[in-house]
Amino acid sequence: MKDSSDKKHAVFGKYKGRINNYLSAAGYDMKKEGEEWAKRIAAAKEAKQNQN
């Protein structure tokens, strides 16, 4: 079981770097985008609490 997990992580790591390079070249700041995403999640949680 450990062997398949190691293979999965190796493939993911390979493509994660390529994806990040592509997004950076397209002008996306992944740190900023992550922060904005966290804000949207927090706002959605707050809206859901206010709804109940």
Side-chain angles (χ1 to χ4, degrees):
M1 192 70 159
K2 177 81 168 130
D3 186 43
S4 63
S5 176
D6 289 342
K7 288 179 185 177
K8 177 183 72 173
H9 287 291
V11 170
F12 179 76
K14 175 182 175 183
Y15 289 102
K16 179 182 177 189
R18 291 181 186 187
I19 291 167
N20 283 334
N21 289 341
Y22 173 82
L23 291 172
S24 292
Y28 290 96
D29 179 358
M30 294 309 295
K31 183 170 179 76
K32 180 181 169 207
E33 296 294 334
E35 291 169 356
E36 293 295 322
W37 185 42
K39 288 178 187 176
R40 289 192 302 270
I41 290 171
K45 282 183 180 179
E46 186 176 324
K48 188 174 182 180
Q49 286 178 349
N50 290 339
Q51 193 177 41
N52 291 337

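Counting from 1, the numbers follow the sequence of the chain as shown.
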| said: Can you tell whether the side chains of Glu36 and Lys39 come within less than 4.0 Å, N to carboxylate O? | reply: yes
| field | ILVMFWY cluster, Tyr22 and Tyr28 together (side-chain gap under 4.5 Å) | value | yes
| message | Could you check whether atom CD of Glu46 has more than 12 heavy atoms from other residues, nucleotides or ligands sitting under 6.0 Å from it? | response | no
| Are Met30 and Ile19 joined in one hydrophobic group, where the rule is that I, L, V, M, F, W and Y side chains link up if heavy atoms are under 4.5 Å apart? | yes
